[in-house]
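Report on the structure given below.
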Amino acid sequence: MTEPLLEVKNLTKIYGQKKNLLRSGNQVLAVNNVSFTVNKGETFGIVGESGSGKTTIGRMIMQLVNHTNGDILYKGQKYSEFTKESAERFKSKVQIIFQDSGSAFNPRKTIGSQIAYPLLKKIKDRKAVLDEVIKFIEMVGLSKEMAYRYPHELSGGQRQRAGIARALILKPELLVLDEPVSALDVSVKSQIINLLENLQKKYNLTYIFIAHNLDLVAYFCDRIAVMYHGEIKEVGSTKQIYQFPHNPITKKLLSSILTLDGRYKVSN
Amino acid sequence: MRRMNNGSTNILEIENLTTTLRIPGGKVSVVEGISFNVKAGEKLVIVGESGSGKSMTINSILQMVPDSLIDSYKGIIKIDGENILEMSKRKFKDIRGKKISLVAQNAMTSLDPSYKIGKQVMEIYRHNHKKASKEEAKKETLILLDKMGIKNPEHVFHSYPHELSGGLRQRVVIAMALTGNPKLIIADEPTSALDPTLQLQILDLLNEINQKFGTSILMITHDFGVVSYFADRVIVMYAGEILEMGTVDEVINYPLHPYTKGLLKCIPDLSWLDKEDKIEKRKLSSISGEVPNLAKKLTGCRFAPRVSDIPEDYHESSPKMHKITDTHWVRCTCYQYYLKDSIAGLEGVK
Amino acid sequence: MYTNIRWRKFGKYLVKDKMASIGIAIIMVTIITAIFAPLLAPYNPNEASDTATRLAMPFTSGHILGTDSQGRDILSRLIYGSRTSILSATIPVIISGVISIILGIVAGFSKKIGGFIMRIMDVLFAFPSVLLAVVIAAILGPGLFNVCLAMVIVRIPYMTRVVYTDTVQEMQKEYIEAASAFGRTKFEIMFKELLPNVLPSLIVYATTLMGVTVVTIAGLSFIGLGIQPPTADWGLMASNGKNVLVQGDPYVTLFPGLAILILAVAFSMLGDWLRDLLDPTKK
Amino acid sequence: MPLYLIKRMISMLYVLIGVTIIVFLMIHLIPGDTAQTLLGGEATKASLDALRHKMGLDQPLIIQYFIWIKQVITGNLGYSYSLHINISHLLFPRFLNTLVLTIASLLLSILIGVGLGFFSGLKKNTVIDKILSALSVFGASMPVFWIALMLMWLFAIQLRLLPVSGMYNLRGNGGFADLLMHLILPTIATSLVSIAVISQMTRNVVSDVVNKDYINYYQSFGLSHYQLNMKHILRNSLPPVINIIGLQVGYILGGALFSEIVFNWPGVGLAIYTAINSKDYPMIQAGVLFIALSFVLVNFVVDILNIVVNPKLRDSNK
């Protein structure tokens, strides 16, 4: 029934350089021996406070950062054993949406051209690419004129929609959502979340949702990993975690959620 | 310190305040005709999205809009009974820090990176207490840091801002705001840059200050969770205007303005977590469209373009504040559309 | 369609900024003068005319700006001198700009190569730029070509550092990560993503440097390391006036010096204006 | 010793090695044969070889470099072809004269440049700021040799207020007042460009600092302008301004070259100029080495100062 899409095994990341004569050791253990599995079609949440290592995990899944130890497997194949073709295929099947839409686009290129370039590598027919770009721009709820605008001419919400269009244009299977709405206003935030939900159904997408606000995670995710200081403290279904948290860190995080009726009540 | 009991006096009274800025090619009113009071010992929270005018409201109260931007303030801003808009700059300087002070939004950038914490708090302390000696200031500063729940005040005293964690820095900023024993603290999104657990701690600290010293707090935020946890009363702002104002109970449980209703529905509902498996979670609703650009001339109800479910005739052409209860006010008569059913029900009883 | 918008923005800025239009006008006039020097100059720049007196005052005996100690017409020499000035100001800066943008982007992009490149630059920075120019010109020997070559070398560390700092700053932005996530190669990231973002500030800097270069090259000529007599060159002319200045005749030095100053200021004004024009967030 | 001091000293060391290599190579890259130049065209091959051997010119380049370095460290800068004296005897006193001129110019440019820049930055976009900015564009583009000549013509030749050239009046008693009178014009000419550049850049730094959150926040407590300006704005503008000044030392050293030539100021610059005209390469080499070494030293001091005034840097260098 559940088919694992991405498996993370004993993943470790150490930043910084080793101590030597002129350098006091400034190594940081950003991610420490982390394991989890993301199943096809689900939304997997990674929550934690700033500095918990959640963003680094996202970057490692995207291969933007190399991992120090451990393995990541996509459809059962280890990253370290990718051939040139499988690496190429992987790149189009796994995409990312960044937190700060303001800096995630090149300020000196039009939105349209930036959505187009992943596609231009595969299709040489410029007209077909343009049609496809317009199709995706309209699908995320933007008007097609936006393709000709520069990033600073769009609002934060519009830019994040454009970011989604860019991530989807290669028809990926897995999307890493790196705090995609935390910089947005409340009303825009829910617009984007709704859009992501609809797209998930439409394209049968798998999401890895990285966030620090636990109310949204509870709403959006099927399963959750709670991170603290580079380690996963607890993994489980949303209901399990929110109703019967085991780890004190999880309990602390949950009890800091402010709902409309005051603090979220954690059962002990 | 004793708790102030005279809850009826107003520390801050704002009447019909309009703040106009100069922009290339014209003027723009970022705050338009707002009126509200902050009572002694009260916690009032202004909630709104970016561009709502909430920041400009507090910048107007503190007269902190840069000279190069400000065109004019119109209306009345009374602090402790005195209208600061008719006051000399020198006199207003004496009010700042002593009667009213600011807790800055971003503690990371609001402390001078070149000086140690102790020196900075002492500087403000001695500014507010001109006669205090250095030793006195140092003693008071350490006491104040201790009161802010800082575990090792000596150590923090001798640290530079970049050596402290975000939570500690925010506590230092609150300590600075309290050096002059102000009657009113204005807190500019004091927790939006912090992690949830730290946010809770800072809100608890502000609550404690309010309880212990009777200091009134005017906070702005974009988060209704903060409102429900912290506020006594709440003001909802949108595009430079107040759309709804009332006690927390009134606004959160009986919202009248379509914008307030919409905002509240944008908050994820967590109650499904406690329910049986069969019960589906409520879909997150959203408000279509985006906050209007104030540089363009706005007429009529500023929120009307984003409402679709209310018939035209419920919108006023130039909406005014309507009183619902002594504390609950709402702009625009469109609330009547939502009340229609209940009113009809009431009439049926008659 | 886009170029249209760009040009409109260009025009709008030009009308708005009077200083910039003056700067551009001065540079244009200098270029035109340089091209049409033989047509514009009233006398032969390198020969004293038969009727000429030596050290004539301005506005006397048909010499608008007077004559120098050899009886040559100053105005004609100024007109011809614009040729070396405009050439030696622009070409070395453009060449070192091209070299620097490659060095700077590569250095900012790759930490390993960057450390090596910037260490070499650090050594070059240890020489005050005028002194480095003097050293190189002294090694190469005088002459227009050698002076330009010296300027190319002298400007590279400065321009490379500007590109390098900008590149390092841009590298931290998420669009670079995004580009690599969406399949851009390293080469594409350097020259398709980074280049358009670091080029504008280099163009601005280069324009300002052109003004500085006019002054530096004039200085080299003054020392005797630059353009050699009898070529009409502003720096050389000002230098020749040094001896008669002591006798109380300032004009031989005054006019070429003013010409250098005005051209340098014009480049500087153009640079300021380009800074605004190339900022994408300003409309 | 703090770690950052050691780090900077090591990085200074490799810059020093680089500088000496360049200065050393300089003389070897010059077209023509040193021995030939010294002995003239009619010299026999045997006498040329003998001289080459005596000077160590037949050794590999790397050996020659180390020999040269050893000589430089012991204060032996070689022998001048044109003046027929030991270069270090000539250059050390000259270097002191250059120091007098550059330090005076540096002080003047810091005082006026930082002062005007600070004022402009606080009053950004006012009329006075715009006037100062326009003036600084002219100042920054000024050819030093030309303004030196013009100042000389106006104040020394026309108005006869100040001496035309030299360091001391030949017939005077050579006192401090006399030196000051001779110093005025070269100092102004040398520092004009730096005044303009320092004030432009200081203005930008200060107007940046003025807009920082913490300045706004301090303002909200009703602190006086004086307190804000002097304690917070000036203090936080300091690190970048120190950098700017450090860079300007290079321009001042370069500008001093021209001032020395025009005003006949007996410094290293004038020595280099005379040497260029007589193709006295060892002299040029020694002069350039002197100036480059002092600039490296200045940069080192600036680096250290920067760390001292910047608490964040101090920590990251621990």
Partner chain D: residue of [options] with the largest heavy-atom pair count (under 4.5 Å):
options: C:Val265, C:Leu225, C:Ile262; value: C:Val265
options: C:Thr216, C:Ile120, C:Leu258, C:Leu124; value: C:Leu258
options: C:Val134, C:Val135, C:Ile260; value: C:Val135
options: C:Gly224, C:Ser268, C:Gly257; value: C:Gly257

Contact summary for [X] and [Y], nearest pair of heavy atoms:
X: C:Val215; Y: D:Ser141; value: CG2-O, 3.3 Å
X: C:Pro128; Y: D:Ile291; value: CG-CG2, 3.9 Å
X: D:Phe258; Y: C:Gly219; value: CE2-O, 3.3 Å
X: D:Ala292; Y: C:Leu131; value: N-CD2, 4.4 Å
X: C:Ala126; Y: D:Phe295; value: O-CD2, 3.0 Å
X: C:Val123; Y: D:Gly18; value: CG1-C, 3.4 Å

(request) Can you establish whether the number of heavy atoms outside C:Met121 located under 6.0 Å from its atom CE is more than 12? (result) yes
(message) Taking atom CZ as the centre, does D:Phe138 end up with more than 12 heavy-atom neighbours from other residues, nucleotides or ligands that are less than 6.0 angstrom away?
(response) no
Which atoms of [X] are under 4.5 Å from chain D, going by heavy atoms: the side chain, the backbone, both sets, or neither?
X: C:Phe125; result: backbone
X: C:Val214; result: neither
X: C:Val212; result: neither
X: C:Val130; result: side chain

(message) Does any backbone or side-chain atom of D:Ile261 lie under 4.5 Å from a heavy atom of chain C? Answer side chain, backbone, both or neither.
(response) both
(request) Under 4.5 Å heavy-atom distance to chain C, tell me which part of D:Ile252 shows up: side chain, backbone, both or neither. (result) neither
(request) Enter the distance from C:Leu132:CG to D:Ile22:CD1 here, rounded to the nearest 0.5 Å. (result)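 If we round to the nearest 0.5 Å, C:Leu132:CG and D:Ile22:CD1 are 7.0 Å apart.
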(message) To the nearest 0.5 Å, what is the distance between CG on D:Leu247 and OH on C:Tyr158?
(response) 6.5 Å
(message) What I'd like to find out is whether the side chain of D:Met150 reaches to under 4.5 Å of the side chain of C:Thr253, using heavy atoms alone.
(response) yes
(message) A side-chain contact here means heavy atoms from C-beta on lying under 4.5 Å apart; do D:Tyr251 and C:Ser129 qualify?
(response) yes
(request) Just do the side chain to side chain contact (heavy atoms under 4.5 Å, CB included) check on D:Trp153 and C:Leu254 with the steps written out, would you? (result) CA-CA 10 Å; D:Trp153 176 77; C:Leu254 179 71; over 6 Å; no
(request) Determine, step by step, whether C:Asp122 and D:Tyr14 satisfy the side chain to side chain contact (heavy atoms under 4.5 Å, CB included) criterion, reporting the C-alpha distance in whole Å, the side-chain angles of both residues, the deciding distance to 0.1 Å, and the verdict. (result) CA-CA 9 Å; C:Asp122 276 349; D:Tyr14 83 72; 3.3 Å; yes
(request) Dump the intermediate steps for side chain to side chain contact (heavy atoms under 4.5 Å, CB included) on C:Leu261 and D:Trp146, then the final yes or no. (result) CA-CA 9 Å; C:Leu261 177 63; D:Trp146 179 73; 4.1 Å; yes
(request) May I ask you to decide if the ring planes of D:Phe145 and C:Phe222 are parallel, tilted or perpendicular, using 30° and 60° as cut-offs? (result) parallel
(message) Please identify, among D:Val296, D:Ile284, D:Asn277, D:Leu149, the residue contributing the most non-hydrogen atom pairs under 4.5 Å to chain C.
(response)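 Max contact count across the listed options: D:Leu149.
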(message) Using a 4.5 angstrom heavy-atom cutoff, name the option from D:Val144, D:Ile276, D:Leu253, D:Leu16 with the most pairs to chain C.
(response)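 The option with the most such pairs is D:Ile276.
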(message) For a side chain to side chain contact (heavy atoms under 4.5 Å, CB included) check, start with the C-alpha distance between C:Ile223 and D:Ile272, then their side-chain angles and the critical distance, and finish with the verdict.
(response) CA-CA 10 Å; C:Ile223 302 179; D:Ile272 293 178; over 6 Å; no
